[in-house]
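What follows is a single structure, written as structure tokens, with notes after it.
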Amino acid sequence: MKVLLISNDAGGFAEHVELTEGMTVQQLFEKQIGPLKAGNYLIRVNRQPAAADQLLCDGDRISFTPLKIEGAN
């Protein structure tokens, strides 16, 4: 399946990525961003806040937006 991934971290990017069926929001976050705390990001699927265990579907639009600027307390 194919989804649109938008990352608003650092320089930011938007691209279509191929995922395996049954992938969750948390799995995609760890694959794309790494082992950072997902709680430090606003994660949305199709413009709605998403739970970590939400299954992704073909055509979804996923965005990762950091809640803090790096270095801020």
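- To the nearest 0.5 Å, atom CZ of residue Phe13 and atom CG of residue Leu5 are 5.0 Å apart.
- Interatomic distance, CG of Asn46 versus CD1 of Ile62, reported as 7.0 Å (0.5 Å rounding).
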Test log, rule side chain to side chain contact (heavy atoms under 4.5 Å, CB included), inputs Asp53 and Val25: CA-CA 6 Å; Asp53 62 349; Val25 168; over 6 Å; no

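- The two residues Met23 and Gln27 make their nearest non-hydrogen contact at CA-OE1, 3.3 Å.
- With rounding to the nearest 0.5 angstrom, the CZ atom of Arg61 is 10.0 Å from the NE2 atom of His16.
- No chain of hydrophobic side-chain contacts below 4.5 Å, direct or via other Ile, Leu, Val, Met, Phe, Trp or Tyr residues, connects Ile6 to Ile33.
- The two residues Val45 and Ala50 have their closest heavy-atom pair at CG2-CB, 3.5 Å.
- With hydrogens and angles disregarded, no donor-acceptor distance shorter than 3.5 Å links the side chain of Asp60 to the backbone of Val3.
- Note that CZ of Arg44 and OG1 of Thr65 are 7.0 Å apart. Values are rounded to the nearest 0.5 Å.
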Verdict with reasoning, Ile43 to Ser63, per side chain to side chain contact (heavy atoms under 4.5 Å, CB included): CA-CA 6 Å; Ile43 301 172; Ser63 64; over 6 Å; no

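- Between atom CZ of residue Phe64 and atom CG of residue Asn40 there is a gap of 13.5 Å, rounded to the nearest 0.5 Å.
- Contact between Thr24 and Leu56 at its shortest, heavy atoms only, is O-CD1, 3.9 Å.
- Atom OG in Ser7 sits 7.0 Å away from atom OH in Tyr41 (nearest 0.5 Å).
- Contact detail for Glu18 and Met1: the closest heavy-atom pair is OE1-O, 3.2 Å.
- Here the closest heavy-atom approach between residue Gly22 and residue Leu55 is recorded as O-CD2, 3.4 Å.
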